[in-house]
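Contents: one structure, followed by commentary.
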Amino acid sequence: MIKRALISVSDKTGIVDFAKKLAAKGVEIISTGGTAKTLSDAGLKVINISDVTGFPECLDGRVKTLHPKVHAGLLAIRSNEEHMKQIRDLGVETIDIVVINLYPFKQTILKGNVELEEAIENIDIGGPTMLRAAAKNYQDVAVVVDPADYEKVLSEFNETGDVSVKTKFRLAYKVFEHTSHYDTLIAKYLRDTLGDIDFPETLSLTFEKVQDMRYGENPHQKAVFYKEVGANRGVLPSAVQLHGKELSYNNINDTNGAIELVKEFDEPTVVAVKHTNPCGVGSAATIYEAYLRAYESDPVSIFGGIIAANREIDAKTAEEINKIFVEIVVAPSFTDEAFAILSQKKNIRLLKLEGISEKVPADTLDMKKVCGGLLVQKYNSQLFNEEELKVVTDVEPTSEQLEDLVFAMKVVKHTKSNGIALAKGKMTIGVGPGQTNRIVPTRVAIEYAGERSKGAVMASDAFFPFEDCVEAAAAAGIKAIIQPGGSLNDQKSIDACNKHGIAMVFTGMRHFKH
């Protein structure tokens with residue numbers, strides 16, 4: 001039966017009403033600091049924690065609940081006669097329900113420019129200790145860390161005078177999830193503050209649920225979307241959905257790919273993505289012209305795709321987008337007129353993402369889950385090193401061709417390997433993604449381009465193992481190629497380019513994407 005409650009909360013949402021309902025049933029309330037004041041001001045009779053421990057709060061409140069009279073009262077197993085005899089002999093009374101939430105460490109570090117000293121002072125010590133003690137003894141102690149559980153606890157308490165063991169076990173589980181999340185945030189903050197630990201010996205990660213999904217990649221798979229704590233600007237979990245039905249698993253995956261690619265560009269750019277691969281990319285002086293180039297890149301594949309833009313969508317652009325079916329448009333903003341036009345379609349999702357143009361921080365970790373493990377690497381934030389860029393053929397690319405080569409390399413970097421991208425006039429004209437050899441994506445890209453390939457440029461995410469790709473490019477009328485180089489057969493490809501008058505540039509940097 002619940003006779004004594006210990007209440008100490010930073011988040012005071014609903015706590016007065018909860019405590020009043022316990023007190024109305026004769027439950028004795030023990031509390032600390034600001035919580036005790038809040039409850040007393042509300043007219044509740046409160047026993048100060050110092051009156052329980054016989055020891056004053058000290059060290060600016062750092063020590064107040066770390067005392068045997070608290071923890072013995074939590075950890076004593078009620079069915080263990082020896083435990084109960086010991087606490088009687090020691091003058092310890094049991095505590096039957098603990099209601100605690102912790103110092104706001106997350107809110108503190110997310111304020112920005114927080115001093116280390118302030119962050120450290122917001123690391124809770126007594127709270128997690130009491131939570132863990134109560135949760136360990138869940139059969140006898142109800143422990144509440146989430147205000148959302150107040151109603152459930154009160155409902156059972158009003159019926160039976162206690163909380164069921166089943167509910168206590170679930171509450172205990174929530175405690176360990178909560179304290180694990182809390183400690184992981186602290187460890188990450190300290191690791192980031194040190195700044196010299198890329199890959200710790202043990203890696204603990206913590207994410208917060210954004211939404212449950214209808215299903216995963218396929219209808220028979222369950223799925224959920226989590227966000228990384230602190231990832232605030234320019235990333236998909238921070239987007240505001242202005243219109244349309246909820247995002248699916250595949251929507252989120254594809255949209256993330258579109259956002260990552262559009263971040264490569266500074267000038268007005270539109271990216272169209274289908275199944276995580278770019279199917280149309282265009283850069284121009286205006287977002288309207290950029291959209292037209294992205295659309296004209298591949299009018300077939302863009303249908304039902306994802307569109308990402310790094311400038312505000314205006315009415316003129318919205319009218320063009322509305323001529324076809326697209327799943328999602330994500331942009332930094334929409335004019336009122338553009339929103340009115342696009343929202344005429346019930347199912348299109350419109351996402352506003354401030355900071356969409358901001359580059360991914362170089363220290364960002366890229367992760368891939370494998371069965372039984374996790375692959376972790378630094379995010380691929382580079383395109384190439386200027387000093388390693390070199391022309392290896394007799395013919396040099398023109399300045400216009402060089403611009404298109406860089407443009408195409410940005411696209412192929414975000415194309416599944418083996419990948420080939422063709423471009424002309426700052427727009428893609430053919431993309432060949434995800435094949436088991438390099439000649440097949442070359443042929444696919446050339447087939448998409450058709451007659452447009454004449455005078456175009458080609459980018460490859462990795463070196464050419466044979467000269468067959470150069471021969472295919474020459475037959476299609478391609479005039480310049482960019483690739484990492486590094487194959488044993490580099491010279492064969494160079495010789496083939498020289499034979500056909502094609503300029504070739506080596507970057508020295510591979511961009512596999514799996």
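Note that the structure is predicted; figures quoted are calculated from it, not measured.
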Any donor-acceptor N/O pair, Asp149 side chain to Val145 backbone, under 3.5 Å:
no
Is the ring centre of Phe105 less than 6.0 Å from the ring centre of Tyr189?
yes
Carefully, step by step, assess Glu320 and Lys323 under the rule salt bridge (charged side-chain N to carboxylate O under 4.0 Å, His left out).
CA-CA 5 Å; Glu320 288 297 325; Lys323 291 178 180 178; 3.0 Å; yes
Counting only heavy atoms from other residues, nucleotides and ligands, does the tally under 6.0 Å from CG of Asn113 exceed 12?
no
Given Lys413 and Asp461, is the salt bridge (charged side-chain N to carboxylate O under 4.0 Å, His left out) satisfied, shown in steps?
CA-CA 6 Å; Lys413 173 186 170 183; Asp461 62 345; over 6 Å; no
Under 30°, 30 to 60°, or over 60°: which ring-plane class applies to Phe407 and Phe265, parallel, tilted or perpendicular?
tilted
Donor-acceptor pair, Lys410 side chain versus Leu405 backbone, under 3.5 Å?
no
What's the shortest heavy-atom distance between Val411 and Pro278, and which atoms?
CG1-CG, 3.8 Å
Test item: Ser453 side-chain N/O and Ala476 main-chain N/O as donor-acceptor pair under 3.5 Å:
yes
Heavy-atom distance under 4.5 Å between the side chains of Glu228 and Pro237, does that happen here?
no
Greater than 12 external heavy atoms within 6.0 Å of Glu117's CD:
no
Would you say Thr276 and Asn253 make side-chain contact, with heavy atoms under 4.5 Å?
yes
Is a side-chain donor or acceptor of Asp124 paired with a backbone partner of Tyr103 at a separation under 3.5 angstrom?
yes
Taking Asp404 for the side chain and Lys426 for the main chain, is one N or O donor matched with an acceptor at less than 3.5 Å?
yes
A side-chain contact here means heavy atoms from C-beta on lying under 4.5 Å apart; do Leu102 and His178 qualify?
yes
